[in-house]
J.: 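Encoded as structure tokens, here's the structure I'll be asking about.
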Amino acid sequence: VAMNESGRTYITSRVEGRVDELYITADGDYIAPGQAIAVLYSPTYLAAQQEYLLTLDNVQKLKNAGNDVVQINGRLKDAARRKLQLLNVSNDDIIHLEHTRQPKELMTIYAPFGGTVLEKQVLPGAYIMPGDKLYSLSDLSTVWLYIDVYEKDIAGVSPGQSVAVNSSAYPGENFNGQVTFINPILDDATRTVKVR
């Protein structure tokens with residue numbers, strides 16, 4: 001039994017900053033999509049919030065200015081909002097910022113997708129940059145099973161074929177799947193072919 005490689009992913013940082021706290025601290029933990037996973041102090045995040053607040057102020061102060069000024073300020077506001085979204089700031093957090101007009105010093109990082117943690121790749125206190133890997137995850141809801149099929153039996157196996165597997169580890173349970181790959185290379189020593 002092996003991990004399904006197509007379900008393996010990384011959660012990476014979109015912003016630079018210092019990791020103040022990790023909510024997921026051990027390999028093997030499960031991360032749900034949208035779950036808070038870390039808290040950062042990020043000057044970039046703080047500056048982006050302040051920039052957005054300035055554009056909101058300009059839109060309000062210059063709402064009676066000429067049409068060109070109003071359009072430019074509207075585009076600047078949209079660009080500042082888009083910058084926050086690109087930093088992975090949720091729309092709820094942006095709306096909260098609009099109402100309170102108080103930037104947050106700490107940024108909560110949320111998991112864009114879920115899975116089981118294969119490796120935690122950051123520690124509290126570390127300074128991270130955009131693109132740095134925080135966690136290596138895998139979706140273990142489906143796994144791969146490799147079997148050795150003897151050379152004389154390989155003609156009876158084809159991609160897409162349904163299979164049922166039982167295991168002494170789970171007595172009385174059957175697991176269903178399908179053949180997804182037949183290794184084109186025969187093992188000379190055992191005269192078998194690996195089938196996934």
J.: Going by heavy atoms in the side chains, are L123 and V19 under 4.5 Å from each other?
T.: no

J.: For the CG atom of L118 and the OH atom of Y135, what is their distance to the nearest 0.5 Å?
T.: 13.0 Å

J.: Got a second to check how far N166's CG is from N174's CG, nearest 0.5 Å?
T.: 5.5 Å

J.: Let's go through Y146 and V195 carefully: what are the C-alpha distance in whole Å and the side-chain angles of both, what is the deciding distance for side-chain contact (heavy atoms from CB on, under 4.5 Å) to 0.1 Å, and is it a yes or a no?
T.: CA-CA 6 Å; Y146 286 97; V195 174; over 6 Å; no

J.: Please find the pair of heavy atoms, one from Q85 and one from I94, that lie closest to each other, and give the distance.
T.: CG-CD1, 3.8 Å

J.: Can you find a pair of side-chain heavy atoms, one from I24 and one from V117, that are under 4.5 Å apart?
T.: yes

J.: Kindly determine whether K104 and D93 satisfy salt bridge (Lys or Arg N to Asp or Glu O under 4.0 Å), including the steps that lead there.
T.: CA-CA 10 Å; K104 294 180 182 176; D93 285 345; 3.7 Å; yes

J.: Show the nearest heavy-atom pair for residues L134 and I109, with the distance to one decimal.
T.: CD1-CG2, 4.4 Å

J.: Looking only at heavy atoms, what is the nearest atom pair of V59 and G74, with distance?
T.: CG2-N, 4.3 Å

J.: Check R81 with E98, please: is the shortest side-chain N to carboxylate O separation under 4.0 Å?
T.: yes

J.: Taking all heavy atoms of G114 and all of P33, pick out the closest pair and write down the distance.
T.: N-CG, 3.6 Å

J.: Using side-chain contact (heavy atoms from CB on, under 4.5 Å), reason through V165 and L145 one step at a time and then give a plain yes or no.
T.: CA-CA 9 Å; V165 177; L145 175 67; 3.6 Å; yes

J.: May I ask you to decide if Q161's main-chain N or O and S158's side chain share a donor-acceptor pair within less than 3.5 Å?
T.: no

J.: I want to check something: taking the side chain as every heavy atom from C-beta on, are V179 and V163 in contact at a cut-off of under 4.5 Å?
T.: yes

J.: What is the distance from atom CG of D132 to atom OG of S13, rounded to the nearest 0.5 Å?
T.: 6.5 Å

J.: Would you mind reporting whether L40 and L106 have side-chain heavy atoms less than 4.5 Å apart?
T.: no

J.: I need the full list of side chain to side chain donor-acceptor pair (under 3.5 Å) pairs touching residues 20-39, with sequence neighbours left out, sorted by first then second residue.
T.: R18-D20

J.: Would you say the side chain of N73 lies within less than 4.5 Å of the side chain of K77, judging by non-hydrogen atoms?
T.: no

J.: Could you measure the distance from the OG1 atom of T190 to the CD atom of E151? Nearest 0.5 Å is fine.
T.: 10.0 Å

J.: So, do M107 and V15 sit near enough that their side-chain heavy atoms are less than 4.5 Å apart?
T.: yes

J.: For Y10, does the six-membered ring have the charged nitrogen or CZ of K133 within the cation-pi criterion, i.e. under 6.0 angstrom from the centroid and within 45° of the normal?
T.: yes

J.: Closest heavy-atom contact between L53 and Q102?
T.: CD1-N, 4.4 Å

J.: Could you tabulate the donor-acceptor pairs under 3.5 Å formed by side-chain atoms of residues 137-144, not counting sequence neighbours?
T.:
from: D139; atom 1: OD1; to: S141; atom 2: N; distance (Å): 3.0
from: D139; atom 1: OD1; to: S141; atom 2: OG; distance (Å): 2.7
from: D139; atom 1: OD2; to: S141; atom 2: OG; distance (Å): 3.3
from: T142; atom 1: OG1; to: N4; atom 2: ND2; distance (Å): 2.9
from: W144; atom 1: NE1; to: N4; atom 2: OD1; distance (Å): 3.3

J.: So do L84 and Q49 actually touch side chain to side chain, heavy atoms under 4.5 Å?
T.: yes

J.: Should L22 and V122 be marked as a side-chain contact (heavy atoms from CB on, under 4.5 Å) after you check the CA-CA gap, both sets of side-chain angles, and the distance that decides it?
T.: CA-CA 9 Å; L22 288 176; V122 67; 3.9 Å; yes

J.: For R14 versus L87, what's the shortest heavy-atom pair and its separation?
T.: O-CD2, 3.7 Å

J.: To the nearest 0.5 Å, tell me how far D92 CG sits from H96 NE2.
T.: 10.0 Å

J.: About how many Å separate CD of Q121 and OG1 of T12, when rounded to the nearest 0.5 Å?
T.: 10.5 Å

J.: Check the hydrophobic clustering (I, L, V, M, F, W, Y; side-chain heavy atoms under 4.5 Å; chains of links allowed) and say if L56 and V89 are grouped together.
T.: yes

J.: Are I147 and V1 connected in the hydrophobic side-chain network, where two residues link if heavy atoms are under 4.5 Å apart?
T.: yes

J.: Could you walk me through whether I154 and I182 satisfy the side-chain contact (heavy atoms from CB on, under 4.5 Å) test, starting with their C-alpha distance in whole Å, then the side-chain angles of each, then the deciding distance to 0.1 Å, before giving a yes or no?
T.: CA-CA 9 Å; I154 199 64; I182 301 171; 4.0 Å; yes

J.: Determine whether more than 12 heavy atoms belonging to other residues, nucleotides or ligands lie under 6.0 Å from atom NZ of K83.
T.: no

J.: Under the side-chain hydrogen bond (donor to acceptor under 3.5 Å, both in side chains) test, which residues partner R196, sequence neighbours left out?
T.: T180

J.: Determine whether a donor-acceptor pair (N or O, by modelled atom type, separation under 3.5 Å) exists between the side chain of Y110 and the backbone of A38.
T.: no

J.: Would a hydrophobic clustering, with Ile, Leu, Val, Met, Phe, Trp and Tyr connected at side-chain separations under 4.5 Å, put V193 with V157?
T.: yes

